[in-house]
Amino acid sequence: MDKPLIVNSWNEWDPLQEMVVGSADNASFEPVEPGSRPAVRNAPDTLFPTGPKSKEAIDRANEELDGLVRVLESQGVTVRRPEPHDFSAPVRTPDFEVENQYCAVCPRDVMITMGNEIIEATMSRRARYFEYQPYRKLVYEYWNADPRVEWTTAPKPSMADGMYREEFWDWPLEERHAKMHSFEFCINQDEVVFDAADMSRLGRDILVQESMTTNRAGIHWLRRHLEPRGFRVHPVHFPLDFFPSHIDCTFVPLRPGLILTNPERPLREGEERMFLDNDWELLEAPQPVLNNDEMPLYCQSSKWLSMNVLSISPTKLICEEQEKPLQDLLDKLGFEVFTVPFRNVFEYGGSLHCATWDVRREGTREDYFPRLAYQPLV
Ligand code: ARG
């Protein structure tokens, strides 16, 4: 028998073997920039803090990240961590300048495994331009250890002013409502732009959300790259999410045939077809325990971080400790539910799925959508 692949992950749920868990070390507050307008929760007129996060905030987040590591290790998963990186350092390229970077808490946003291939996303924000760096040592290790590992870095966009639509941040709600079917956000369509977390992997079929962090050129690049490799790429849209970024609080596959959906963010009409035609169930997540105005002060994500669960296998998953209604639902569905406290991680960009990047799961590429009308680009 062939030696097992070192990098191998085709979906979000197969039995997990090796995973990278983020770290809050040296994290800074995300700066204001054309692709991002961070705001203090419930106090939009207060200035958002700048520079490094406090040692106390970093320690609190790291403690919870370490708790996640312990659960994963108790389930036999090999856990790897990012390299230290100075996120307080400014970035200056020929096209832009930004006063500091962000953090390495959410590898999901930057890195994605497509079978035996590692792809580094282009990223969409200036402060995250170099966020691949904390993962490069690991990528080299995998790439050196196994000649079957493919490694692709997507083209870096300029992130110059012209790539953004800065007015986006000032559009009144009525305008967003009127434009909800045009899917135009803070990045325009001129350059290839995507964050890895806008994708969800279901074997042969990859979903990509059009969002503030992934544009149509980005989706086009992904199609041209992935279709010749045997994937089918499906753009998906959630018109009622006026600030979409990253699909894993909106549409979360739990096992073959089952997707957890966000009751406030229905799919664009017609896009549910591929799921229903192939006997997938779309199941609404219960309301989160916290309301949006109860989320941590510096957290830029919504209360729907509640549904950002992480699968250890098709029957075991990890859920935030306080999200009892979701835990009960998952329990009824037959999952073994592990819980960890994670709210102190929220202000670093996400919850359990965001803070991880799967390198190796059991299993191979399967076709979970045998009844599909798909038109490849070529
Ligand atoms: N935009 C999402 C929400 O607020 C948060 C997504 C976080 N996901 C991630 N991979 N960082 O609902």
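Note that the numbering runs from 1 along the sequence shown for the chain. Predicted model only: the values in this text are computed from it and were never measured. Each ligand, and each atom within it, is numbered from 1 in the order the structure gives.
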* To do: Look at the aromatic rings of Phe130 and Tyr132 and report parallel, tilted or perpendicular, splitting at 30° and 60°.
  =>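 Because their plane-to-plane angle lies in the 30° to 60° range, the rings of Phe130 and Tyr132 count as tilted.
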
* Mutual orientation of the aromatic rings belonging to Phe168 and Phe243 [parallel < 30°, tilted 30-60°, perpendicular > 60°] ->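 Correct class here is perpendicular.
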
N/O separation below 3.5 Å, [X] to ligand 1:
X      : result
Trp304 : no
Gly349 : yes
Ser245 : yes
Arg108 : no
His246 : yes
Asp248 : yes

* Asked: Does NZ or CZ of Lys316 lie under 6.0 Å from the centre of the six-membered ring of Phe335, at an angle within 45° of the ring axis?
  ->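 Judged by the rule (NZ or CZ under 6.0 Å from the ring centre, within 45° of its axis), Lys316 is not positioned above Phe335.
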
* Please determine if Lys53 forms a cation-pi arrangement with Phe87, meaning its NZ or CZ atom is less than 6.0 Å from the six-membered ring centre and no more than 45° off the ring axis. =>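 Pair Lys53/Phe87 does not count as cation-pi.
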
Could you list which atoms of ligand 1 come closer than 4.0 Å to a heavy atom of [X]?
X      : answer
Ala197 : 10 (N)
Asp109 : 9 (C), 10 (N), 11 (N)
Cys354 : 7 (C), 8 (N), 9 (C), 10 (N), 11 (N)
Cys249 : 5 (C), 6 (C), 12 (O)
Ser301 : 4 (O), 5 (C)

* To do: Starting from atom 12 (O) of ligand 1, find the nearest protein heavy-atom neighbour and note its residue, name and distance.
  =>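 Sorting protein heavy atoms by distance from atom 12 (O) of ligand 1 puts Ser302 OG, 2.8 Å first.
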
* Quick one: which of Asp195, Asp198, Thr214 gives a side-chain hydrogen bond (donor to acceptor under 3.5 Å, both in side chains) with Ser124? ->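 Answer to the side-chain hydrogen bond (donor to acceptor under 3.5 Å, both in side chains) test with Ser124 among Asp195, Asp198, Thr214: Asp195.
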
* Asked: With a 4.0 Å cut-off on heavy atoms, is Arg265 touching ligand 1?
  ->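 Flag set, Arg265 near ligand 1.
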
Polar side chain donor-acceptor pair, [X] to [Y], under 3.5 angstrom:
X      : Y      : value
Asn11  : Asp14  : yes
Asp248 : Asn308 : yes
Ser23  : Arg81  : no

* **Chi angles and distances behind the side-chain hydrogen bond (donor to acceptor under 3.5 Å, both in side chains) call for His85, Gln101** => CA-CA 10 Å; His85 181 89; Gln101 302 167 62; 2.9 Å; yes

